[in-house]
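Note that ligands are numbered from 1 as they come in the structure, with each ligand's atoms numbered from 1 the same way.
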Amino acid sequence: MRIIGTGVALPQLRVTNDMIAKYVDTSDEWVASRTGIKERRIISTESLIDLGAQAAKDAVAAAGIDMADVDLLICSNVANSYVTPSLGCIIQGKIDATCPCFDINNACAGFLTALDMADGYITSGRYKNILIICAEEPSRIVDWTSREACILFGDAASAAVVTDGEGLKKIKLSTKSLPDVLYYRRKLEYNPFVTKDQGEYKPLQMNGREVFKMAVSASVADIKKVVEDTGWKMEDVDMFVLHQANLRIIDSIRQHLDLPEEKVPHNVERSGNTSSACIPILLNELIAEGKIKKGYKIVFSAFGAGFSSAAATYEWK
Ligand code: COA
């Protein structure tokens with residue numbers, strides 16, 4: 001399976017740390033020093049559906065295929081205003097695709113989860129061209145009256161087209177059920193037959209320190225495992241494309257694996273954590289800047305709510 005095109009659509013509005021400090025008790029100094037994040041894009045006037053559609057169209061154009069050639073659409077999304085139908089189904093109508101569509105939710109590991117599924121479909125011969133869309137609007141699930149989580153996230157849509165051929169080497173998904181460390185709970189409709197507690201709404205809740213430790217240990221373990229399973233040595237790898245949660249997490253993973261700074265690119269300072277959209281956004285940037293060369297050995301690693309993590313080895317063709 002190989003990646004043949006990527007696309008990105010970002011909201012217009014740039015929100016700096018100083019802008020957030022007008023609403024919650026924080027500062028640019030605190031956020032930048034603890035997370036590396038200086039600004040993020042937040043959806044103000046756009047719709048997530050339109051951003052997803054734009055990223056999808058750009059990825060298909062970059063892949064050099066027609067929308068009619070897309071055999072399957074997998075959309076990765078944590079939350080949007082529709083519970084049903086799926087966001088992928090809604091975006092399908094905006095991009096004139098006719099293939100089957102569905103959503104997956106594996107939080108920040110969503111892109112690599114979709115890549116793993118796509119690899120299974122392609123390897124089995126079931127589908128040839130698969131469009132993966134990652135459309136995320138975390139700004140609408142965080143609590144903007146509390147400083148803990150709203151500083152971390154940004155909104156974005158990104159997409160990738162994958163097809164048969166050489167590229168993906170190994171991919172590994174892991175989950176350890178720890179729903180309390182990072183979660184968002186919606187309130188369901190009142191049901192007169194329910195005699196237990198009807199359940200309450202909770203905006204995104206996070207044990208930041210615990211998530212930090214789990215992110216670093218999961219990513220380090222996943223990367224070591226996929227690199228070894230591929231038969232590579234860590235020093236053979238040209239680039240590590242990691243989930244962009246926080247610069248301190250990225251630095252800590254880099255130090256644990258003793259990697260040089262230039263092999264671990266990041267853009268979290270400009271985008272914040274855009275959940276599953278992070279990896280295709282960074283990949284799209286690296287491709288546009290000519291930083292990924294033919295034959296490059298790449299490692300992807302992502303982690304997030306679940307606690308779920310994923311890593312993959314990939315040789316760029
Ligand atoms: N601005 C200013 N102060 C803040 C703050 C903010 N936005 N958020 C927390 N603080 C305060 C706390 O209230 C606490 O104050 P106290 O010492 O008076 O009690 C102090 O800063 C330290 O808080 P703590 O939570 O221990 O900070 P930290 O060094 O662990 O950094 C995170 C907090 C969230 C930046 C860090 O834990 C982290 O990055 N975790 C991972 C989060 C993540 O990436 N989640 C998504 C994963 S996909």
Side-chain angles (χ1 to χ4, degrees), residues 15-40 42 76-79 105-113 134 136-156 158 173-176 178-184 202-220 222-223 241-256 264 266-269 271-282 300-311:
V15 174
T16 62
N17 297 333
D18 283 335
M19 288 161 78
I20 295 180
K22 292 191 178 132
Y23 300 92
V24 294
D25 181 16
T26 191
S27 65
D28 177 50
E29 195 281 326
W30 194 96
V31 178
S33 64
R34 303 284 176 126
T35 71
I37 299 166
K38 299 198 168 84
E39 62 176 40
R40 72 287 289 143
I42 299 286
S76 166
N77 168 257
V78 171
N105 176 353
N106 201 16
C108 300
F111 174 68
L112 294 183
T113 306
C134 301
E136 303 282 16
E137 195 174 4
S139 70
R140 297 304 295 268
I141 64 171
V142 295
D143 181 355
W144 285 96
T145 65
S146 152
R147 63 189 181 180
E148 273 73 30
C150 67
I151 53 141
L152 295 172
F153 296 94
D155 302 330
S158 58
L173 309 183
S174 308
T175 300
K176 187 174 182 187
L178 288 166
D180 293 343
V181 295
L182 183 56
Y183 70 94
Y184 165 77
K202 281 272 184 196
L204 195 80
Q205 306 289 307
M206 183 182 69
N207 179 338
R209 291 203 161 191
E210 217 30 55
V211 171
F212 193 111
K213 282 190 269 177
M214 286 184 346
V216 173
S217 67
S219 179
V220 167
D222 288 351
I223 291 173
V241 178
L242 308 184
H243 174 51
Q244 302 291 296
N246 175 325
L247 198 54
R248 277 168 63 221
I249 292 179
I250 295 169
D251 279 342
S252 180
I253 295 167
R254 186 173 59 69
Q255 283 156 14
H256 274 83
V264 191
H266 46 83
N267 62 6
V268 67
E269 9 337 40
S271 311
N273 179 348
T274 58
S275 191
S276 70
C278 283
I279 287 184
I281 294 176
L282 184 55
F300 297 109
S301 168
F303 40 81
F307 194 87
S308 287
S309 67

I need the Glu136 CD to Asn77 CG distance, nearest 0.5 Å.
5.0 Å

dist Gln244:CD -> Ile250:CD1 (nearest 0.5 Å) comes out at 4.0 Å

Of all protein heavy atoms, the one nearest atom 47 (C) of ligand 1 is Val211 CG1, 3.6 Å

What I want to check is whether the side chains of Ser27 and Glu29 have a donor and an acceptor closer together than 3.5 Å.
no

Return yes or no for this condition: an N or O of Gly208 is under 3.5 Å from an N or O of ligand 1.
yes

Within the 4.0 Å heavy-atom cut-off, what Ile249 brings close to ligand 1 is side chain

So, is Ser27 polar-close to ligand 1, with some N/O to N/O distance under 3.5 Å?
no

Give the numbers and elements of all ligand 1 atoms closer than 4.0 Å to a heavy atom of Phe303.
48 (S)

In the protein, which heavy atom is nearest to atom 21 (O) of ligand 1, and how far is it?
Trp30 CZ2, 3.4 Å

Just to check, does Ile151 reach to within less than 4.0 Å of ligand 1 when the distance is taken from its heavy atoms?
yes

Flag: protein heavy atom within less than 4.0 Å of atom 7 (N) of ligand 1
yes

Give me the nearest non-hydrogen protein atom to atom 22 (C) of ligand 1 as residue plus atom name, then the distance to 0.1 Å.
Arg34 NH1, 3.9 Å

Intermediate values then yes/no, side chain to side chain donor-acceptor pair (under 3.5 Å), Ser301 and Asp222
CA-CA 7 Å; Ser301 168; Asp222 288 351; 5.2 Å; no

Any atoms of ligand 1 less than 4.0 Å from a non-hydrogen atom of Phe212? List them with their elements.
38 (C), 39 (O), 40 (N), 41 (C)

Where is the nearest protein heavy atom to atom 35 (C) of ligand 1: which residue, which atom, and how far?
Thr35 CG2, 3.8 Å

Is the backbone of Gly36 close enough, under 3.5 Å, to the side chain of Arg248 for a donor and an acceptor to pair up by distance?
no

Enumerate the atoms of ligand 1 whose separation from the nearest heavy atom of Ala245 is less than 4.0 angstrom.
44 (O)

Can you confirm whether some protein heavy atom lies under 4.0 Å from atom 25 (O) of ligand 1, or whether none does?
no

Val268 versus Ile249: any side-chain heavy-atom pair under 4.5 Å?
no

By number and element, which atoms of ligand 1 are closer than 4.0 Å to a non-hydrogen atom of Cys108?
48 (S)

Please list the nearest protein heavy atom to atom 1 (N) of ligand 1 with its residue and the distance rounded to 0.1 Å.
Thr26 OG1, 2.6 Å

In ligand 1, which numbered atoms sit nearer than 4.0 Å to a non-hydrogen atom of His243?
48 (S)

One should read off an interatomic distance between Ser76 OG and Ile279 CD1, to the nearest 0.5 angstrom, of 10.5 Å

Does ligand 1 have any atom sitting under 4.0 Å from a heavy atom of Ala215?
no

Quick check on atom 40 (N) of ligand 1 - does any protein heavy atom sit closer than 4.0 Å to it?
yes

Using a 6.0 Å cut-off, check whether atom CZ of Arg140 has over 12 heavy atoms from anything other than its own residue.
no

Determine, stepwise, if the pair Leu152 / Met206 fulfils side chain to side chain contact (heavy atoms under 4.5 Å, CB included).
CA-CA 11 Å; Leu152 295 172; Met206 183 182 69; 3.4 Å; yes

Do me a favour and list the nearest non-hydrogen protein atom to atom 46 (C) of ligand 1 with residue, atom name and distance?
Asn273 ND2, 3.6 Å

Per side chain to side chain donor-acceptor pair (under 3.5 Å), Ser308 is matched among Thr113, Thr175, Asn105 by Thr175

Are the charged groups of Arg254 and Asp251 less than 4.0 angstrom apart, N to O?
yes

Give a yes or no on whether atom 19 (O) of ligand 1 lies under 4.0 Å from any heavy atom of the protein.
no

Rounded to the nearest 0.5 Å, how far does OG1 of Thr35 lie from CG of Leu247?
8.0 Å

How long is the straight-line distance from SG of Cys150 back to OH of Tyr23, given to the nearest 0.5 Å?
11.5 Å

heavy-atom search around atom 11 (C) of ligand 1 in the protein gives Arg147 NH2, 3.5 Å

the protein heavy atom lying closest to atom 45 (N) of ligand 1 turns out to be Met206 SD, 3.4 Å

Ser219 (side chain) donor-acceptor with Val216 (main chain) under 3.5 angstrom:
no

Is any N or O atom of Asn246, backbone or side chain, closer than 3.5 Å to an N or O atom of ligand 1?
yes

